[in-house]
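To start, the structure under review is shown below, and the notes come after it.
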Amino acid sequence: PPSSPRPRRARTRAPHTGCSSQAPALPDALNMISSVGWVRSGVARSKPVENDEDDDDEKLNAAEVARSAARGVARNAARDQDLDEAVKRFGLEDYDDDEDPHDAGAMPQFTRKAMMFHRSNAEDPLITLKDEDDEDSDADDLVIQPTDKLVLAARSEEDASNIEVHVYEMDGHNLYPHHDIMLPSFPLALEWVGRRPTGAAGSSGGNNLVAVGTFEPQIEIWDLDVLNTFAPVAVLGGDYTEPIAPGAAGKKKGKKGGVSSERAGGAPDPSLGHTDAVMGLAWNVLQPNALASASADGTVRIWDLSSPSLACVQTLPHHKDKVQAVRWHPSEPTVLLSGGFDKILVSTEDGHVGCFDARTCGRLWTLSAHDSAATGLSANAAARHVFATCSTDKLVKVWQAGGDQPQLLVSRDLQLGPLFDISFCSDAPQLIAAGGGNGKVGVWDSSDSAAVCAVLGINRIETPVGGSVAASGMQSLEVNSSSESEDEGERSPPAAKPKAAAVAKKAKVKVGGKKSAGK
């Protein structure tokens, strides 16, 4: 069987940015991060497991490898026997015994007696670096330390898509890619899930998973503790229905077992799940079996991960247009917020952020946060009145809500291009992950700001060597900062060159797609 499935070519339509009917044109060479997120500390396996399918392939090939080795040993034995007969026949054993005065001081000749052959490097005393030392070093590179933080990123390129797992080292302020998961379609949204679905496949058995929404109507759940995996552990949503035109020829099965709507004119079954792209996902921390999804079909659906059928238990058709964002209440497990393109709640295309009272739906304040579309917003888990925004103007801004209008604590250009998503780390509230138009993932340690430290109640750090922004795969970052609370003397110097580390053993899988951003 092939080592990996062929990725389907992504659709050419571009997703929306903000709540606008105008979609921005994609760059000529698409390479972007459409969504980012964090993995909860202490959940990931310290040593990820290999995919069972790879192990099965090795077992199937073991017999053939053994037979090939046996044939090679037999050929070598026959060759040695022929050589021994030639040595005896022509008296080559005593060929070097005769002393020649002209050979005095000459270098010793390599003869059959002087040569020594070792069948493995482990038997050769002159080789001090053994093969197992390299293997142990490679295995150590894949180990996730207890202090490491894991960042998830949805990467999109020309004709392929994947989810990347990056490791952020707290001590060394270093960010590097660990492994990735290939996707069949453009990723629009990702959400870390800490509850394994009932009947989920896979070999790790852990609760470290990610739900992914793409241009397809199904939701895929992948195991983050398995390397080189090519199939999700669970899929939420129904198969495609039969073609609309009866007797249509050339039916081909889609990857979920149904008939592909693109190839056979079928459509997803609305009684089983979404019928269009999945644009937003939210896992309920207080009720771990509940997962909410938002779709371009105008509905919000609630999924029960504890059900054997992983069925949709509730459909909310309240929106009149595409639904892009969903989020559960942090302390009320039955309260869900959704935002759509029908502009009922707020529009952020002009860079504004609005705050509403959920009890009365009354607007509390409107903030002109950015000069262009505000594409991401994240609340701080340790301080509910602190939130961060990002925009296509390339800036990340941290705000403190209070009074009639929020106050700007710090603003920073992370050198990641136009930004499409941002996320505070729940385990380390000073860390902010972001991704954008240049295809890089960045983690900013905002504790280099005195204003942020004062609000969060933490100590200010010395600016690390390489700067307070670590980016995976970047060689250097020139970080510009400004703040209404910081004077010129407190601004961070430009970042130097952080250490680069690429640990993943398999070839990097490219991505294709772009998330509709604007929450």
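The structure presented is a predicted model; accordingly, all values stated were derived computationally and were not measured.
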Do the side chain of [X] and the main chain of [Y] share a donor and acceptor less than 3.5 angstrom apart?
X: Thr214; Y: Pro187; answer: no
X: Ser391; Y: Ala373; answer: yes
X: His352; Y: Ala369; answer: no
X: Asn380; Y: Pro429; answer: yes
X: Ser34; Y: Leu188; answer: no
X: Asn162; Y: Glu164; answer: no
X: Ser378; Y: Phe424; answer: yes
X: Asp225; Y: Arg45; answer: yes
X: Arg196; Y: Gly206; answer: yes

Taking all heavy atoms of [X] and all of [Y], pick out the closest pair and write down the distance.
X: Asp445; Y: Gln430; answer: OD1-CG, 3.1 Å
X: Asn284; Y: Pro333; answer: ND2-O, 2.9 Å
X: Glu332; Y: Leu286; answer: N-CD1, 3.9 Å
X: Lys149; Y: Ala428; answer: CE-CB, 4.3 Å
X: Ala211; Y: Leu291; answer: CB-CD2, 4.2 Å
X: Ile302; Y: Ala292; answer: CD1-CB, 3.9 Å

Tell me, do [X] and [Y] make a side-chain contact under 4.5 Å, heavy atoms counted?
X: Val212; Y: Ser35; answer: no
X: Leu227; Y: Val49; answer: no
X: Asn31; Y: Asn438; answer: no
X: Leu431; Y: Val151; answer: no
X: Val398; Y: Trp444; answer: yes
X: Ile221; Y: Leu305; answer: yes
X: Leu150; Y: His166; answer: no
X: Leu183; Y: Trp222; answer: yes

Measuring from atom [atom1] of [X] to atom [atom2] of [Y], what distance do you get when rounded to the nearest 0.5 angstrom?
X: Leu416; Y: Lys394; atom1: CG; atom2: NZ; value: 10.5 Å
X: Ile219; Y: Glu191; atom1: CD1; atom2: CD; value: 11.0 Å
X: Thr315; Y: His318; atom1: OG1; atom2: NE2; value: 11.0 Å
X: Leu272; Y: Arg301; atom1: CG; atom2: CZ; value: 8.5 Å
X: Leu224; Y: Asn207; atom1: CG; atom2: CG; value: 11.5 Å
X: His319; Y: Ser295; atom1: NE2; atom2: OG; value: 11.5 Å

- Query: Using 30° and 60° as the class limits, which term best fits the ring planes of Tyr168 and Trp38: parallel, tilted or perpendicular?
  - Reply: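 Tyr168 vs Trp38 ring planes: perpendicular.
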- Run the side-chain hydrogen bond (donor to acceptor under 3.5 Å, both in side chains) check on Thr392 and Ser372 step by step: do they pass? CA-CA 6 Å; Thr392 53; Ser372 59; 2.8 Å; yes
- Any luck finding a side-chain donor-acceptor pair between Ser161 and Ser156 under 3.5 Å?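 There is no such pair between these side chains.
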- Query: Regarding Ser468 and Arg412, is there a side-chain donor-to-acceptor distance under 3.5 Å anywhere?
  - Reply: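 Judged by distance alone, the side chains do pair up.
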- Message: Under the criterion side chain to side chain contact (heavy atoms under 4.5 Å, CB included), I'd like the reasoning laid out for Ile181 against Thr229: C-alpha separation, chi angles, the key distance, then a yes or no.
- Response: CA-CA 7 Å; Ile181 299 171; Thr229 180; 4.2 Å; yes
- Residues Val233, Leu209; criterion side chain to side chain contact (heavy atoms under 4.5 Å, CB included); working and verdict: CA-CA 9 Å; Val233 297; Leu209 305 107; 3.5 Å; yes
- Task: Assess whether atom CG of Asp427 is packed by more than 12 heavy atoms of other residues, nucleotides or ligands within 6.0 Å.
- Result: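 Yes - once you tally the heavy atoms of other residues, nucleotides and ligands closer than 6.0 Å, there are more than 12.
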- Begin with the C-alpha distance, continue with both residues' side-chain angles, and end with the deciding distance and a verdict on side chain to side chain contact (heavy atoms under 4.5 Å, CB included) for Leu419 and Ile422. CA-CA 8 Å; Leu419 299 176; Ile422 189 174; over 6 Å; no
- Message: Quick test of your reading of the model: are Lys322 and Asp276 salt-bridged, counting only N-O distances below 4.0 Å?
- Response: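 Answer for the salt bridge query: no.
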- Query: Is the Trp192-Trp283 ring centre distance short of 6.0 angstrom?
  - Reply: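 Centroid distance Trp192-Trp283: below 6.0 Å, so yes.
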- Item | From CA spacing to verdict: side chain to side chain contact (heavy atoms under 4.5 Å, CB included), Leu367, Trp399 | CA-CA 10 Å; Leu367 172 68; Trp399 307 83; 3.7 Å; yes
